[in-house]
Every structure is written in C-alpha cells, then in structure tokens.
Amino acid sequence: MSGETVREPAPVTHSGPVWPHIWGLIRFRPHYYLTSALFVSVLFYLFPLVPGQIVRRVLDHLTGAAPAGAGIPTLIALLLGAGIAHGAALIVGATMDNATQLSAGALLRRNIFARVLERPGARALPASPGEAISRLRDDVQVAQLFLSWTPDPLGQLIVGGIAIGTLISIDPMISLAVLPPIAIALVVVNLASSRIRRYRRASQAATGAVTGLLGEIFGAIGAVRAASAEERVIEHFRAVNTERRNVAVR
C-alpha cells in the first residue's frame with residue numbers, strides 16, 4: 001500500500017447500516033472487486049449450465065430431434081472449449097477473490113489498529129487484549145468474506161432464471177413439482193435469519209471470552225503459580241470453553 005492514498009471508511013461509532021462501510025471497502029480496490037464479481041459471482045454460476053446445453057444438443061442429434069446447426073464433432077469441440085474456459089475463469093476468479101478479501105482485511109485491521117492508538121490509553125480497548133486479537137482475526141474475516149459474496153445474488157438470479165426457463169421448456173409439470181420445495185426452503189431460511197444472527201453474535205462473544213481468558217492466564221502465570229491456583233484456573237477455562245463449544249454448535 002506504500003505510495004498510495006488510503007481511502008478509509010468512516011469509523012464505526014454506533015450501530016447503523018453496514019452498506020456504507022461495505023461501499024467504502026469496495027472503493028478501496030474497485031478493480032479487484034469488479035473482476036472477482038465477474039469471474040466468481042457471475043461466470044462461476046453460469047459456466048456449469050453450458051455443458052448441459054451442449055449435451056442436450058448432442059442428445060437431440062442422436063434422437064433426430066435436433067434443429068439444423070452444428071454437428072456432433074463441433075458440439076464436442078465446444079464442450080472441450082467450455083471446460084478449458086471454465087478452468088481458466090476459476091483461476092482468475094480465485095486470484096481476484098483472494099486479492100479482494102486480503103486487501104479489505106488489511107484495510108480493516110489497519111483502520112481498527114489506528115483507531116485504538118488514537119484513543120486514551122486507559123480506554124483504548126473495550127475488552128481484554130486477547131479478545132481484541134480475536135476480533136481482529138475472526139470479525140475481520142467475516143467482513144471480508146461478506147464483501148466477496150455481495151455480488152453472488154446477481155449470478156444466482158441469472159442462473160436461476162435460465163435454469164427455470166430451461167426446465168419449463170422441457171417439462172412444465174416437472175417444473176411445478178420442483179419449484180415449490182425450493183420456494184419453501186427460501187422462506188424457511190429467511191424466517192430463521194434472525195435466530196441465525198443471534199447465535200452468531202453469541203458465538204462471537206463466547207470466542208472472545210475464551211481468547212480473552214487465555215491472554216489473562218498467560219499474562220498472570222506467575223500470580224497463578226504463586227497462589228497454587230492452577231487447577232481452579234483450568235476448571236474455569238474448561239467451563240468458559242464448554243460454553244463457547246455449546247453456542248458454536250447451536
């Protein structure tokens with residue numbers, strides 16, 4: 001990042017909409033994000049449909065129902081070309097997706113650490129240093145993953161429309177049997193989203209408690225040994241870690 005002007009999202013001082021901050025991360029490296037969106041969030045979903053369409057034409061040729069057009073050798077060549085193009089797109093997409101996530105994670109950690117250094121020494125961290133390390137690791141990872149997944153609904157809508165249209169053109173009755181369970185699954189997931197978010201927050205808090213306790217134990221190891229409190233500390237750590245495991249499983 002040397003030699004470049006770092007455009008920072010405004011620091012988060014209160015709970016509010018997350019999208020302005022996501023937009024700030026996108027603007028930090030827009031070429032990484034847009035390339036990743038094209039190859040990972042659009043082409044990644046579209047490419048699997050191409051072999052199916054080609055194989056469909058091959059089967060139509062074998063049954064004599066194919067319209068005038070490319071013959072079987074041409075279709076086989078197209079199938080091989082589609083496979084090669086798919087592999088190349090995966091390489092480009094994975095590279096750009098990793099670049100998007102790493103650059104966003106680096107910017108978030110840099111801004112958080114700069115904000116910590118700006119605060120008074122007595123109030124620099126709202127929790128223990130161990131929990132702060134957990135936040136810098138786990139929470140930033142969640143944010144950068146969310147950033148890289150934001151274009152996915154576009155690719156999913158495109159491929160879903162094409163797939164549904166193809167299915168209806170082949171057999172409308174089968175389409176009527178297949179689509180309702182999918183719609184029901186989407187409704188159930190949406191209804192469960194608030195509970196999922198609540199469990200996620202509980203998991204983050206429990207993980208922070210474990211890492212914070214570990215930092216305190218290692219920082220006060222001399223006092224623990226002087227008080228012969230090793231067994232009590234270990235039991236407390238087991239209880240905290242058991243709680244973390246329970247909320248993570250939920």
Can you tell me how far the [atom1] atom of [X] sits from the [atom2] atom of [Y], to the nearest 0.5 Å?
X: Gln204; Y: Asp138; atom1: CD; atom2: CG; answer: 8.0 Å
X: Ile26; Y: Ser148; atom1: CD1; atom2: OG; answer: 11.0 Å
X: Arg250; Y: Ser203; atom1: CZ; atom2: OG; answer: 10.0 Å
X: Leu102; Y: Leu107; atom1: CG; atom2: CG; answer: 12.5 Å

Backbone N or O of [Y] within a donor-acceptor pair of the [X] side chain at under 3.5 Å?
X: Arg109; Y: Leu136; result: yes
X: Asn190; Y: Leu186; result: yes
X: Thr166; Y: Ile162; result: yes
X: Thr242; Y: Arg238; result: yes
X: Thr150; Y: Leu147; result: yes
X: Ser175; Y: Leu167; result: yes
X: Thr211; Y: Gly208; result: yes
X: Ser103; Y: Thr100; result: yes

Do other residues, nucleotides or ligands put more than 12 heavy atoms under 6.0 Å from [X] [atom1]?
X: Arg225; atom1: CZ; result: no
X: Tyr45; atom1: OH; result: yes
X: Glu231; atom1: CD; result: no

Are any of the side-chain nitrogens in Glu235 or Arg232 under 4.0 Å away from the carboxylate oxygens of its partner?
no
Flag the pair Arg137 / Gln141 as yes when at least one side-chain heavy-atom distance between them is below 4.5 Å, and no otherwise.
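They are not in contact (no side-chain heavy atoms under 4.5 Å apart), so the answer is no.
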Is it the case that the ring center of Trp149 lies less than 6.0 angstrom away from the ring center of Phe44?
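Aromatic pair excluded; centres sit 6.0 Å or further apart.
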Verdict with reasoning, Met96 to Val40, per side chain to side chain contact (heavy atoms under 4.5 Å, CB included):
CA-CA 9 Å; Met96 290 296 99; Val40 177; over 6 Å; no
